[in-house]
Amino acid sequence: HGPHPQPICYLLCFLSAPSRIQGTRPISLTAAAMGFFGSGKAGDSGGKERLTLQNVTEFIRKKECQRVVVMVGAGLSTPSGIPDFRSPGSGLYSNLQQYNIPYPEAIFELSYFFQNPKPFFTLAKELYPGNYRPNYAHYFLRLLHDKGLLVRVYTQNIDGLERAAGIPPDKLVEAHGTFTTATCTVCRRSYAGEDFRGDVMADKIPHCPVCTGMVKPDIVFFGEVLPHRFFLHKTDFPMADLLFIIGTSLEVEPFASLAGAVRSYVPRILINRDLVGPFAWQPQYSDVAQLGDVIGGVEKVVELLDWNEELQELIQRETEKVQRDHAGICCLKSRNS
């Protein structure tokens, strides 16, 4: 993939990436998978036609797929207006050129961070939770949870939009870290990320109130260990009977290898602009690719599931809730001024 994996925006690859996950224990074939594939090997159709999106959504409707795991990347959040990293003139990196960064990835290297933390905190100010709102695709994941189908969402994104959509923290694995918590780089005390939001928004470097050391949001930098929750994949993926992969290049390891951690007969639905990962180089008969605009792909799934009305009602409720909360905050500020 070249010297630096993509996409760097939500980023972060790890210097020591494990190999493709192996040794997961098998589970019983679902009735849906058995009907299509018999007991053949991976990629063996057993004489049956390849799965379609209609087939898989019918499995969901008939409750033959009830343990859904989701993998998401930057493409899930760009419809919310979050700029990408490298677009000339408009990308996040262009706005950081004033700091004479030697190369984009330096922002996420600890050695450079301790030498010059300003570029990272400038980026953090842009991506800090609250600056953007979840979109249609985020709320689709929330609806999966509300219906009791969601095992877990594994996200590469650090924007917190899955949380903002109302997906509970215990249903999330934020593989590349989160702004929700922060840690002092000296005394290692842990803090709520909101404790330092004011500093970040005011272009100040946050410091520990106890030891005055620099405080870093718990975003995973190059060479840092993955969050402990990442290893929930060892149980989540073997038990899944459906995998959604949405808006990711499947290039950043070890996250990308999770696509191969479900059983070979489990349907995998890719909603993405392009074929990526095993969908491009080792497709299986249980794979379905819905290519093009991510929101359009999710809308197609929702249409086939006949969830349109429920999803629109959910989005309306959440939008009204945000508006009420915003009005309450403005009222409180007015009283205190």
Side-chain angles (χ1 to χ4, degrees), residues 21 24-72 76 136-154 167-168 170-173 232-248 258-272 277-279 282-291 294 296-311 313-314:
I21 299 162
T24 49
R25 291 182 296 173
I27 58 176
S28 298
L29 290 175
T30 64
M34 283 290 290
F36 266 81
F37 304 119
S39 56
K41 296 179 181 179
D44 179 7
S45 69
K48 304 291 185 180
E49 294 183 359
R50 295 188 64 168
L51 282 180
T52 66
L53 191 62
Q54 289 86 347
N55 296 145
V56 180
T57 53
E58 189 64 19
F59 294 161
I60 298 173
R61 288 168 63 91
K62 291 181 177 179
K63 302 187 183 304
E64 292 174 332
C65 287
Q66 300 186 79
R67 299 184 300 275
V68 181
V69 172
V70 184
M71 298 170 60
V72 301
L76 183 76
Y136 184 93
H138 291 102
Y139 286 119
F140 166 67
L141 305 186
R142 162 70 183 279
L143 190 56
L144 285 174
H145 165 68
D146 289 352
K147 288 180 172 290
L149 297 171
L150 184 66
V151 174
R152 210 91 59 190
V153 174
Y154 285 71
I167 299 172
D170 68 329
K171 291 293 184 179
L172 282 173
V173 172
L232 287 170
H233 72 77
K234 293 183 177 181
T235 54
D236 286 349
F237 281 74
M239 72 178 289
D241 56 20
L242 175 59
L243 175 64
F244 277 100
I245 301 173
I246 305 174
T248 173
L258 295 183
V262 293
R263 299 291 90 197
S264 61
Y265 50 79
V266 169
R268 301 185 298 188
I269 299 179
L270 174 72
I271 302 176
N272 207 48
F279 291 86
Q282 194 179 23
Q284 299 177 352
Y285 280 86
S286 52
D287 288 346
V288 177
Q290 181 69 27
L291 302 183
V294 165
V298 173
E299 287 176 338
K300 182 64 175 177
V301 173
V302 172
E303 177 187 348
L304 290 169
L305 289 169
D306 196 22
W307 289 359
N308 290 285
E309 186 174 342
E310 289 177 87
L311 187 52
E313 289 175 354
L314 171 61

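Bear in mind the structure is a predicted one, so any value in this text is a computation, not a measurement.
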With side-chain contact (heavy atoms from CB on, under 4.5 Å) as the test, would you mind laying out the steps for Met71 and Phe244 before giving the verdict?
CA-CA 6 Å; Met71 298 170 60; Phe244 277 100; over 6 Å; no
Can you list the steps and then say if Leu141 with Ile167 is a side-chain contact (heavy atoms from CB on, under 4.5 Å)?
CA-CA 8 Å; Leu141 305 186; Ile167 299 172; 3.7 Å; yes
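- Within the 3.5 Å criterion, the main-chain N or O of Lys63 finds a donor-acceptor partner in the side chain of Gln66.
- The backbone N or O of Ser264 sits less than 3.5 Å from a side-chain atom of Ser286, completing a donor-acceptor pair.
- Put simply, the side chain of Arg152 never gets that close to the backbone of Leu172: no donor and acceptor are under 3.5 Å apart.
- Side-chain contact check for His233 versus Val173: every heavy-atom pair is 4.5 Å or farther apart.
- At distances below 3.5 Å, not a single donor-acceptor pair connects side-chain atoms of Lys171 with backbone N or O atoms of His145.
- Distance check: Leu304 CG to Asn55 CG gives 10.5 Å after rounding to the nearest 0.5 Å.
- Among all heavy-atom pairs drawn from Ala137 and Leu76, the shortest one is CB-CD1, 3.4 Å.
- A donor-acceptor pair under 3.5 Å is absent between the side-chain atoms of Tyr154 and the main chain of Leu258, judged by distance alone.
- For the atom pair Gln290 CD and Leu270 CG, the distance stands at 9.5 Å (nearest 0.5 Å).
- Using the six-membered ring where Trp is involved, Trp307 and Phe140 have ring planes that are tilted, between 30° and 60° apart.
- Closest of all the heavy-atom pairs between Val56 and Pro267 is CG2-CB, 4.0 Å.
- Ring centers of Tyr265 and Tyr285: at least 6.0 Å apart, outside the cut-off.
- The structure places CD of Glu58 at 11.0 Å from SG of Cys65, a figure rounded to the nearest 0.5 Å.
- Arg263 approaches Pro238 most closely through the heavy-atom pair CG-O, 4.2 Å.
- When all heavy atoms of Glu303 and Asn308 are compared, the closest pair comes out as CA-ND2, 3.5 Å.
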After noting the C-alpha distance and the side-chain angles of Asp146 and Glu310, does the key distance pass the side-chain contact (heavy atoms from CB on, under 4.5 Å) rule?
CA-CA 11 Å; Asp146 289 352; Glu310 289 177 87; over 6 Å; no
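- Atom CZ of residue Phe59 and atom CG of residue Asp241 lie 10.5 Å apart, to the nearest 0.5 angstrom.
- For the atom pair CG (Leu243) and CG (Asp236), the distance works out to 11.0 Å, reported to the nearest 0.5 Å.
- Of all heavy-atom pairs between Ile245 and Ala259, the closest is CD1-CB, 3.8 Å.
- Put simply, OH on Tyr136 and CG on Leu314 are 10.5 Å apart, with the number rounded to the nearest 0.5 Å.
- Put simply, the side chain of Phe279 does not reach to within 4.5 Å of the side chain of Gln284, judged on heavy atoms.
- Ala240 and Val69 make their closest contact through CB-CG2, 3.6 Å (heavy atoms, listed as atom of the first residue, atom of the second, distance).
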Applying side-chain contact (heavy atoms from CB on, under 4.5 Å), run through Val70 and Leu150 and close with a yes or a no.
CA-CA 8 Å; Val70 184; Leu150 184 66; 3.8 Å; yes
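- Using a 4.5 Å heavy-atom threshold, the side chains of Ile60 and Leu305 count as touching.
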